[in-house]
Number of protein chains: 2
Amino acid sequence: MISKACKYGIRAVIFVASKKTEGLKFNIKQIAREVDAPEAFTAKILQFLNKNHVITSLKGPYGGFFIEDYQLDQPIINIVNAIDGMSVFKECGLGLKQCSSVYPCPMHDQYKIARDALLNTFQKTSIRQLAEQLNEGGFYINNQNVLAENI
Amino acid sequence: MISKACKYGIRAVIFVASKKTEGLKFNIKQIAREVDAPEAFTAKILQFLNKNHVITSLKGPYGGFFIEDYQLDQPIINIVNAIDGMSVFKECGLGLKQCSSVYPCPMHDQYKIARDALLNTFQKTSIRQLAEQLNEGGFYINNQNVLAENI
DNA sequence: TTCAAAAAAGACAATTTTATCTTTTATAAA
DNA sequence: TTTATAAAAGATAAAATTGTCTTTTTTGAA
Ligand code: FES
Ligand code: FES
């Protein structure tokens, strides 16, 4: 569906956003631990999201990653778009070189509806919304609740 | 979303099904050409689908791939399941180790709806249906209609 | 029974994605 | 100004997916 890199990225951003407090920043080690993601890989992803202005970083001591006010109301699709691009939401479900209603594959009509619904989900959901849900409780962005027997 | 292997597989199966006539079989070369898929790779995929009883093959001269009556009413999900498995339809949209309403990620409620809709699309659509649509015209399983300028 | 055609099987290669490690650069505080 | 800290950048490495090529097996017809 979407890449692991993208999923790590979304979880990391939600975590940072959920902890947004004046001046508070988080370093890679903390973030990776909190969202159960490989540290070095997450570093690359966040570095890239910073370049794409999804989140913000500051080097040096007392530095780290944080999210600015103007970044908090971005839809989640911004993160997906930055990392994976929009191709999943444009591609033909049967792999034709282009999805089009003029030259549709036999699944086009049904597939497009489901694909658009998924796109809509990512478009209408903001970073702020997910961060708030996380803070309200009952939602998780790591596996630390999962019982050993279920892994 | 789903793998390229799976998409090649679906297109190949639809093609074979659309040409189903008593005793008529198609070899890899014909099938790969008709669905714009790499020949050797498609061979592996069809070989696998035969093992999984999605289609049927016969070796030797006058052999090839064909689909039997009892195989024609399978839902497309059977092909997806054989090649990719069902994990896409079970996985957490944010990559948690398990998707569950007991320990949901902040996107769970919305994501699950879209993911289930996609699953439903693959479940309710049969090989026969897609093959018939193809035969009725206006639908395509290759790129041979695509204008060079659009590639 | 021989032969040619076709899939099956197996080995291997290329590409993409995921992941790690090392070095460099920026920065804030002492 | 020095120092410690943290991200950025760059170089690799591992794994998964996609793709190809060669050899073997099956099979129908001549
Ligand atoms: S053409 Fe296949 S999904 Fe649109
Ligand atoms: S827990 Fe994330 S989608 Fe269900």
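FYI, side chains are in, hydrogens and waters are out, and symmetry mates aren't considered; it's all heavy atoms of this structure. Within every chain, numbering begins at 1; the chains are lettered A, B, ... in the order of the sequence lines, protein sequences first and strands thereafter.
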Protein-nucleotides 20-25 of chain D N/O pairs under 3.5 Å:
from	atom 1	to	atom 2	distance (Å)
D/dT25	O2	B/K59	NZ	3.4

Considering only nitrogen or oxygen atoms on both sides, find all protein atoms under 3.5 Å from nucleotides 1-3 of chain D and state each distance.
none

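D/dA8 atom C1' lies 15 Å from atom CG of A/N27, rounded to whole Å. The distance from atom CD1 of B/I83 to atom P of D/dT18 is 10 Å, rounded to the nearest whole Å. Atoms CZ (A/F65) and P (D/dT5) sit 18 Å apart, rounded to a whole Å. Remark: C1' of D/dT17 and CE of B/M1 are 18 Å apart, rounded to the nearest angstrom. Taking atom CD1 of residue A/I28 and atom P of nucleotide C/dA19, one finds them 14 Å apart after rounding to whole Å. In this structure, B/Y62 atom OH and C/dC3 atom P are separated by 18 Å, rounded to whole Å. Rounded to an integer number of Å, the gap from CD of A/Q30 to P of D/dA6 is 8 Å. Rounding to whole angstrom units, NZ of residue A/K4 and P of D/dA15 are separated by 12 Å.
Side-chain atoms of B/R115 come within 3.5 Å of backbone N or O of B/E91 as a donor-acceptor pair. Proximity of a side-chain donor or acceptor of B/N142 to a complementary backbone N or O of B/D36 within less than 3.5 Å is not detected. The backbone N or O of B/S57 lies less than 3.5 Å from a partner atom in the side chain of B/N50, making a donor-acceptor pair.
Closest non-hydrogen pair, A/A82 versus A/F48, comes out as O-CE2, 2.8 Å. A/I55 and A/F66 get closest at one heavy-atom pair: CB-O, 3.8 Å.
Cluster membership check: A/Y62 does not share its hydrophobic cluster with A/I28, using side-chain heavy-atom separations under 4.5 Å among Ile, Leu, Val, Met, Phe, Trp and Tyr.
Under the side chain to side chain donor-acceptor pair (under 3.5 Å) criterion, A/D69 pairs with no residue at all, not counting sequence neighbours. Residues forming a side chain to side chain donor-acceptor pair (under 3.5 Å) with A/K112 (at least two apart in sequence, or on another chain): A/D116. Looking at residues two or more places apart in sequence or on another chain, you find a salt bridge (Lys or Arg N to Asp or Glu O under 4.0 Å) between B/K29 and B/E39.
Within residues 10-18 of chain A, no residue approaches DNA chain D, by heavy-atom distance under 4.0 Å.
Neither OP1 nor OP2 of D/dA7 sits under 4.0 Å from any side-chain N or O of A/N50. Side-chain nitrogen and oxygen atoms of A/S57 include none within less than 4.0 Å of the OP1 or OP2 phosphate oxygen of D/dA6. Between B/Y8 and D/dG19 there is a side-chain N or O to OP1 or OP2 distance below 4.0 Å.
Just one residue in the list A/T121, A/T125, A/N120 forms a side chain to side chain donor-acceptor pair (under 3.5 Å) with B/Q110, and that residue is A/T125. Among B/V16, B/N78, B/V13, the one residue that satisfies the side-chain contact (heavy atoms from CB on, under 4.5 Å) test with B/I127 is B/V13.
Using a 4.0 Å heavy-atom distance criterion, A/F26 is classed as a sugar-phosphate-only contact. Residue contacts shown for A/K7 are absent, as no nucleic acid heavy atom lies under 4.0 Å away. Nucleic acid contact class of A/L58 (heavy atoms, under 4.0 Å, all strands): sugar-phosphate only.
Taking the six-membered ring for Trp and the full ring otherwise, the centers of B/F65 and B/F26 sit at least 6.0 Å from each other.
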